[in-house]
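Working notes for the structure below.
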Amino acid sequence: MRTFDLFVVEIDKPINDTVTTKGGLELYVDNRFKEFENRVNEGPVVSTPFKYDTGVEEGDTLYFHHHVVINGGQPLTGHENHYLIRWNDESTVANQAIACKKKDTDEVIPLGGWAILEDLEKPEEEEKDKGEIVLVKLKEAPTKTARVAFDSPGMQDLGLKVGDVVGFKKGIDYRFKIDGKEYIRIPQDYLDYAEV
């Protein structure tokens with residue numbers, strides 16, 4: 001089964017509603033107040049869109065926008081635990097696929113114009129060790145900074161590499177996890193500068 005312009009992923013449940021203690025005891029989590037934090041945002045790829053060459057293959061792990069699972073999600077009719085992920089080759093914000101992790105190498109690759117960044121815990125100390133600031137785009141003074149976490153062709157086009165510090169407006173960053181570690185994802189067009 002292949003779709004025209006959608007990924008299909010397999011998700012056991014859209015919300016993580018249990019946790020397991022170190023002793024193996026499984027506890028129920030009441031998500032009424034923290035549903036957003038517990039939404040599932042990853043799953044193995046069952047099918048890729050045949051309209052586009054995304055570089056993603058069946059069996060890779062796809063990281064996606066939280067809207068895929070809210071309000072019952074975007075299930076694939078007739079296929080239990082299968083969900084549809086929108087792919088738009090021309091618009092980052094219309095693209096629900098954020099990144100993939102290759103099944104053979106565990107390499108994480110940002111997709112469709114998304115930048116994946118690591119929060120700077122102590123930006124003042126980090127910046128003292130760096131060199132000059134290179135302007136990538138000049139919009140307005142950035143109010144937050146983060147470090148490029150993963151390489152992609154789009155980031156290379158901007159002259160950025162893993163470890164560069166980028167700036168962006170406060171409030172446009174969205175946090176999600178890859179392998180339990182929290183990252184920030186924003187459209188790469190929203191980046192203001194890089195420090196190299």
Can you establish whether the number of heavy atoms outside E90 located under 6.0 Å from its atom CD is more than 12? no
As a test of understanding, state which of R185, K181, R147, R175 forms a salt bridge (charged side-chain N to carboxylate O under 4.0 Å, His left out) with D119. R175
State whether the number of non-hydrogen atoms from other residues, nucleotides or ligands found under 6.0 Å of K103 atom NZ is greater than 12. yes
So, taking the atom named CG in N88 and the one named CG in L6, what distance separates them when rounded to the nearest 0.5 Å? 10.5 Å
At what distance, to the nearest 0.5 angstrom, does OG1 of T48 lie from CG of D53? 9.0 Å
What distance do I11 atom CD1 and I85 atom CD1 have between them, rounded to the nearest 0.5 Å? 5.5 Å
Counting C-beta onward and ignoring hydrogens, is there a side-chain heavy-atom pair between E118 and Y183 closer than 4.5 Å? yes
Step through it carefully: locate the ring centre of F7, locate the ring centre of F64, and say whether they are under 6.0 Å apart. no
Assign the ring pair F50 / F4 to parallel, tilted or perpendicular, where the plane angle (0 to 90°) is split at 30° and 60°. perpendicular
Q96, R86, H82 screened by side-chain hydrogen bond (donor to acceptor under 3.5 Å, both in side chains) with Q74, the one that passes: Q96
E107 vs K102, test: salt bridge (Lys or Arg N to Asp or Glu O under 4.0 Å). Steps then yes/no. CA-CA 5 Å; E107 176 187 14; K102 302 304 287 177; over 6 Å; no
Do the side chains of L191 and L117 get nearer than 4.5 Å, heavy atoms only? yes
CG-CD1 distance between L62 and I98, expressed to the nearest 0.5 angstrom: 8.5 Å
With heavy-atom distances below 4.5 Å as the criterion, would you say the side chains of D164 and M155 are in contact? no
Do Q188 and P110 make a side-chain contact, defined as non-hydrogen atoms from C-beta onward lying under 4.5 Å apart? no
Should we say atom CD of E80 is surrounded by more than 12 heavy atoms from elsewhere, each under 6.0 Å from it? no
